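Below is one structure, written out as structure tokens; comments come after it.
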2 protein chains.
Amino acid sequence: MGKKDNTEAEYKILEAARKVFIKKGYAGARMREIADEAGINKGLLHYYFKTKDGLFESIFDELLMTFAPQLNIIFESDLPFFEKIEQFINQYMTVLINNPDLPSFIVHEMQQNEEKVVNAILKSKHKPNPMKFMMQIQMEVATGKIRAINPVHLMINMVSLCAFPFVGKPMFKGMLHINDVEYLQIMEIRKKEIVDFIINSLKI
Amino acid sequence: MGKKDNTEAEYKILEAARKVFIKKGYAGARMREIADEAGINKGLLHYYFKTKDGLFESIFDELLMTFAPQLNIIFESDLPFFEKIEQFINQYMTVLINNPDLPSFIVHEMQQNEEKVVNAILKSKHKPNPMKFMMQIQMEVATGKIRAINPVHLMINMVSLCAFPFVGKPMFKGMLHINDVEYLQIMEIRKKEIVDFIINSLKI
DNA sequence: GTCTATAGGTAGATAGAC
DNA sequence: GTCTATCTACCTATAGAC
């Protein structure tokens with residue numbers, strides 16, 4: 001077997017690493033399992049990525065960026081208030097539906113290495129900056145467009161209503177006695193449910 | 001050193017195991033670290049608990065029970081609807097504020113071993129059964145007491161608004177530039193914020 | 001019951017043939 | 001570039017002294 005396109009092996013390794021790390025977490029993942037998943041040899045992992053830690057960082061940064069820019073859409077856009085909320089919910093839920101196991105992975109690894117991860121986010125050019133959005137909320141309150149509400153909690157509410165159903169998927173699946181496919185269908189319907197829930201709560 | 005009260009050593013081990021498992025997760029926890037945390041020898045762990053897996057199960061079942069019975073309070077009580085919601089939010093948030101690292105641990109380990117954990121819950125006498133509560137929601141809608149809302153999503157909303165701020169604590173702390181003490185203060189205020197948010201959303 | 005010492009297994013990482 | 005074989009370190013678990 002001659003030499004292959006090196007980008008292909010590297011790509012297969014990254015794909016496999018993403019899959020295994022997301023499923024098992026950093027501590028639970030095995031270099032052996034990543035190699036098997038990629039269909040290559042264990043030694044080759046260390047040829048492309050010196051250490052497990054290096055491989056992890058290569059994929060983690062990329063995964064973080066799957067979420068952070070989506071958050072910035074709401075925080076920094078100039079849309080009218082209710083439209084901004086609706087667009088954020090739809091867009092964020094779509095990302096989550098397409099990556100249902102990602103939230104659990106992110107929050108777990110963030111907790112394992114809080115300062116390291118938080119610093120990585122803050123240094124990133126995609127750093128979430130909710131201040132503009134929270135000021136817009138206060139403006140809406142001040143001008144009587146919505147009821148008085150604490151901007152910090154409204155922001156937390158929006159993210160929580162979208163993200164937790166994916167983090168707690170096993171629990172809700174068990175309580176509702178449904179399978180993965182049915183759960184994702186519920187999440188699809190949920191886009192509109194969340195928007196209605198928030199908008200109704202904000203009306204004067 | 002003579003023999004000590006055996007319940008004391010066992011208690012210290014369980015305390016230490018709970019702390020280390022919650023912080024590091026099953027895969028990341030080390031028997032050595034648990035022994036050190038308990039102030040006893042590594043060999044003694046295996047005297048009281050044959051295996052790491054056995055020690056884990058000893059504490060995990062107990063931790064699960066910290067949450068499930070609280071959920072049943074809302075699902076099975078006979079309180080008027082809005083009072084039931086308020087009591088649930090206050091009670092559940094109090095549990096979470098007193099155990100802020102528990103949600104991340106539970107959801108991560110549930111995902112690692114979904115069928116095993118879900119079966120353990122379903123077999124438990126504290127099994128969460130949201131059916132009664134969801135039927136009450138439908139009754140409120142039918143009698144025109146609240147706006148039309150999907151009971152499944154209202155139930156998910158209530159849990160999500162309480163639990164996610166703890167799962168995503170590192171993220172929110174980073175975004176808001178605050179420390180742990182300040183974060184818990186926000187969570188204390190949040191009890192009322194969540195109740196207001198839900199009640200306002202349900203009004204006709 | 002509590003400790004020390006160590007066995008047995010497996011993980012990440014390296015060396016070297018091809 | 002890709003593989004096999006192996007090293008070293010660490011982790012769980014056991015054996016045995018006290």
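Quantities reported herein were computed from a predicted structural model and do not represent experimental measurements. Letters A, B, ... are given to chains in the order of the sequence lines, protein chains preceding strands, and every chain is numbered from 1.
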Just so I know, are the side chains of A:Phe133 and A:Met158 near enough to count as touching, which here means a heavy-atom distance under 4.5 Å? yes
Are B:Leu184 and B:Glu188 packed together at the side-chain level, in the sense that at least one heavy-atom pair is separated by less than 4.5 angstrom? no
Using whole Å, report how far [atom1] of [X] lies from [atom2] of [N].
X       : N      : atom1 : atom2 : value
B:Lys52 : D:dA13 : NZ    : P     : 8 Å
B:Lys42 : D:dC10 : NZ    : C1'   : 9 Å
B:Ile13 : D:dA13 : CD1   : P     : 14 Å
A:Leu45 : C:dA13 : CG    : C1'   : 11 Å

Within the structure, does a side-chain N or O atom of [X] lie under 4.0 Å from either OP1 or OP2 of [N]?
X       : N      : value
B:Tyr48 : C:dT2  : yes
A:Arg32 : C:dA11 : no
B:Tyr47 : D:dT14 : no
B:His46 : D:dA13 : yes

Residue pair A:Asn157, B:Glu193: steps toward the side chain to side chain contact (heavy atoms under 4.5 Å, CB included) verdict: CA-CA 10 Å; A:Asn157 291 352; B:Glu193 289 282 343; over 6 Å; no
Pairwise distance NZ(A:Lys84) to CD(A:Glu76) - rounded to 0.5 angstrom: 9.0 Å
On DNA chain C, does the nearest nucleotide to B:Leu44 precede the nearest nucleotide to A:Arg30 from the 5' side, or the other way round? Give the residue. B:Leu44
Ring centroid separation for B:Phe60 and B:Phe21, is it under 6.0 angstrom? no
Identify every side-chain donor-acceptor pair in residues 160-170 of chain B under 3.5 Å, counting partners at least two apart or on other chains, and give the distances.
| unit_1 | atom_1 | unit_2 | atom_2 | d |
| --- | --- | --- | --- | --- |
| B:Ser160 | OG | B:Ile156 | O | 2.8 |
| B:Lys169 | NZ | B:Asp180 | OD1 | 3.1 |

So, is the end of the A:Lys145 side chain (NZ or CZ) under 6.0 Å from the ring centre of A:Phe81 and within 45° of the ring's axis? no
Neighbour count above 12 (heavy atom, 6.0 Å) for B:Met135 CE: no
If you only use heavy atoms from C-beta on, which nucleotide in [options] is closest to the side chain of [X]?
X       : options               : value
B:Asn41 : C:dA13, C:dT4, D:dT12 : C:dT4
A:Ile40 : D:dC3, C:dA13, D:dT14 : D:dC3
B:Met31 : D:dA13, D:dC3, C:dG12 : D:dA13

Out of B:Lys19, B:Arg18, B:Lys12, which residue meets the salt bridge (charged side-chain N to carboxylate O under 4.0 Å, His left out) rule with B:Glu15? B:Arg18
Find the bend of the helix from C:dG1-D:dC18 to C:dC18-D:dG1 as the angle between its two terminal axes (five pairs each), to the nearest 10°. 10°
Those residues of residues 14-28 of chain A lying under 4.0 Å from DNA chain C by at least one heavy atom: none
